[in-house]
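Working notes for the structure below.
Only heavy atoms go into these numbers, but all of them, side chains included; no hydrogens, no water, no symmetry mates. A note on names: the letters A, B, ... follow the listed sequences, proteins ahead of strands, and every chain is numbered from 1.
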2 protein chains.
Amino acid sequence: MVKAIEWKDGKVIMLDQSKLPVEVVFIDCTNYKIVAEGIKKLWIRGAPAIGIATAMGIALGAQDIAAKNYKEFIKGLEPIFNTLLETRPTAVNIKWAVERIKKLLKEKKGESADRLKELLIEEAKKIHEEDIEVNKAIGRWGAQFIKDGDTILTHCNAGSLATGGYGTATAPMLVAIEQGKRIQVIADETRPVLQGARLTAWELMQAGVPVTLITDNSAGALMKKGEINLAIVGTDRTVRNGDVANKIGTYSVAVLCKEHKIPFYVAAPLSSIDFSITTGDKIPIEERDSHEVTHIFGTCRIAPADVKVRNMAFDVTPAKYITAIITEKGAFRPKDLKKLMKKEINLDGLRL
Amino acid sequence: MVKAIEWKDGKVIMLDQSKLPVEVVFIDCTNYKIVAEGIKKLWIRGAPAIGIATAMGIALGAQDIAAKNYKEFIKGLEPIFNTLLETRPTAVNIKWAVERIKKLLKEKKGESADRLKELLIEEAKKIHEEDIEVNKAIGRWGAQFIKDGDTILTHCNAGSLATGGYGTATAPMLVAIEQGKRIQVIADETRPVLQGARLTAWELMQAGVPVTLITDNSAGALMKKGEINLAIVGTDRTVRNGDVANKIGTYSVAVLCKEHKIPFYVAAPLSSIDFSITTGDKIPIEERDSHEVTHIFGTCRIAPADVKVRNMAFDVTPAKYITAIITEKGAFRPKDLKKLMKKEINLDGLRL
């Protein structure tokens, strides 16, 4: 499995995803500024992967702090925190990682600078490992829905490249293969940014998973031919009633699945579930620049100059289209999701 | 309205659609070999437009024949027929136009070469005009379904560029505008060949029709928001039970329309209805080269090298998804289509 990011020999090794699939370039980040550049320039993307990169960037920057004591060390971290926080202001996982590191540092008040440097490396690695564990658990809960011989449709990229490893939507596929099931994956190319063609197809090929690329237009026809058994997608944000926001086109896939009686699953780490929002229609949907639609890779123009474009980056799939939401704690019916808010809930009785 | 092809001052003026929308180049075809090159190299495409180009190519070539009598003239036409027939062997409209010209020539046996040269120009112009009349009639029957203020979704290009003028799917839109209705058109980009982005958006902008380009992935989300009132598409082949073969992705649009209770119309000149085929599952579906999906405009690679691709060029939309099939003789329920085979049918009682 390809690693989007890795701590190795005192450096951060980051795959430059912005060049995929034409070039495969791993960047040796020898200081935190290169990590920040990578987050900013989208060498790395995907909420969990960005969180891991932030923690690793902090740990990397910390090694170069010349501090005689705890206070000086904390002061030395400030520009590192700020540089990372400024890379992508709306990426919640950067803030999350910074807060987690700050909390740890508070608990370790009085430790020597050298010890703190070690602790930050340990914490970054721990964040990475925890993410992989979450994804593996999603994989185990999700793999139960995959039968030997199944063909699975996925949309966009919720794979290893977006996470510390295993991915979210791809984890059930990878675990199913580990269980000895023979599967095929169909990857939608996912216009306009083509994450399916550029990233999902590429990473599954690297992992040795049989994958076939189709245009987004082809999913319906393949379903009608009976060539797709189930769909698994990721999510940017899932809300209390089980509605799911994800890459534009996810909703169309869900409607097509319903029409063909094909199960439609969403892989959602608990961290991506926003219980503060009650229904999907309250999720703000980002509309992005027309250039993304009219120019492939920013250069190859495919549409008339000055054409009016509607470029919604995400859509919302209502809970009624979703067979199950697969989390690290189990797979649940969308309507049961809100019960997970309660701490004392018996999950065994709730799981699918 | 942009003209894909025109007979003007003894020449054939052909728009090179292969360069659209980046460059707008009209080719002065001064001999039939340039017309043939245009058909072969896809400067012109769309069944009706290809038929018109063939007839104009024959008329153009005929002018240069040095013949003393009917027999010599007919002999001089042979290489012209053959050159045009060899350009795109599967394009039925080339054969159709050649047969029509041959039939005319049989009826005009004994005419002088000079008179025959005139007659071939007249016939080519007549074929062009007849196509425009068919499309205008489709437009009049179709415009009844368009209300003032409507937003209409279309897929692929069944516009002026594919015909002698007015288009098929676009004709109801253009007639609605002539009737004073204010409309908006949403054009799906139509991957993989991007006819929607490259051709439909461009020609509607040229005609002053308000058009917005979206990715194919966005149609469902827009329907859910209530922003699409109806869909009108063209067809490559419609069969006896009302099933419709059209560009890949048409079926997905139809399913999405059904889910959102949006009327879905197919504009189909009678010439595109194949009564010899009983149901859509008997229509052969061409699977095309993976390169069309993996490379934009044949050059800009967007997918991993050697990725497996499924590239179905067309799909079949079953009759049950279709509100009406709009022909030049009226708009009909798909299930009533087979009644059009009978000559003595009372169309008034059958029309929607």
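Chain B forms more heavy-atom pairs under 4.5 Å with one residue of T299(A), V316(A), I186(A) than with any other, namely V316(A). Among S290(B), A219(B), P318(B), the residue making the largest number of heavy-atom pairs under 4.5 Å with chain A is P318(B). Among I296(A), I214(A), D315(A), the residue making the largest number of heavy-atom pairs under 4.5 Å with chain B is I296(A).
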Start with the C-alpha gap between T215(B) and D216(A), add the side-chain angles, then the distance that decides, and say whether side chain to side chain contact (heavy atoms under 4.5 Å, CB included) holds.
CA-CA 9 Å; T215(B) 62; D216(A) 304 306; over 6 Å; no

Using atom types as modelled, flag every donor-acceptor pair under 3.5 Å from a side chain in residues 301-308 of chain A to any protein atom, sequence neighbours excluded.
{"from": "R301(A)", "atom 1": "NH1", "to": "A303(A)", "atom 2": "O", "distance (Å)": "2.7"}

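If you check the side chains of E259(A) and Y251(B), you find no donor sitting under 3.5 Å from an acceptor.
For chain A, the nearby part of K258(B) is the side chain; its heavy atoms alone come within less than 4.5 Å. Proximity to chain A (any heavy atom under 4.5 Å) is shown, for V24(B), by neither the backbone nor the side chain. Within the 4.5 angstrom heavy-atom criterion, only side-chain atoms of E227(A), from C-beta onward, approach chain B.
Applying a 4.5 Å heavy-atom cutoff, none of the residues of residues 156-163 of chain A approach chain B. At a heavy-atom cut-off of under 4.5 Å, chain A is reached by A201(B), W202(B), M205(B), V211(B) from residues 201-211 of chain B, listed in order of number. Heavy-atom proximity under 4.5 angstrom to chain B picks out E189(A), T190(A), R191(A), P192(A), L194(A), A197(A), R198(A) from residues 187-199 of chain A.
Put simply, the side chain of N217(B) reaches to within 4.5 Å of the side chain of H155(A), judged on heavy atoms. At a threshold of 4.5 Å between non-hydrogen side-chain atoms, the residues T212(B) and V309(A) do not count as touching. A 4.5 Å side-chain heavy-atom check between L222(B) and M312(A) finds at least one atom pair inside the cut-off.
Without hydrogens or angle criteria, K224(B) side chain to T317(A) main chain gives no donor-acceptor distance under 3.5 Å.
A 6.0 Å sphere centred on NZ of K3(B) holds no more than 12 heavy atoms belonging to other residues, nucleotides or ligands.
Interatomic distance, OG of S218(A) versus CD1 of I248(B), reported as 4.0 Å (0.5 Å rounding).
Annotation: H295(A) is not in aromatic contact with F297(B) [ring centroid separation under 6.0 Å not met].
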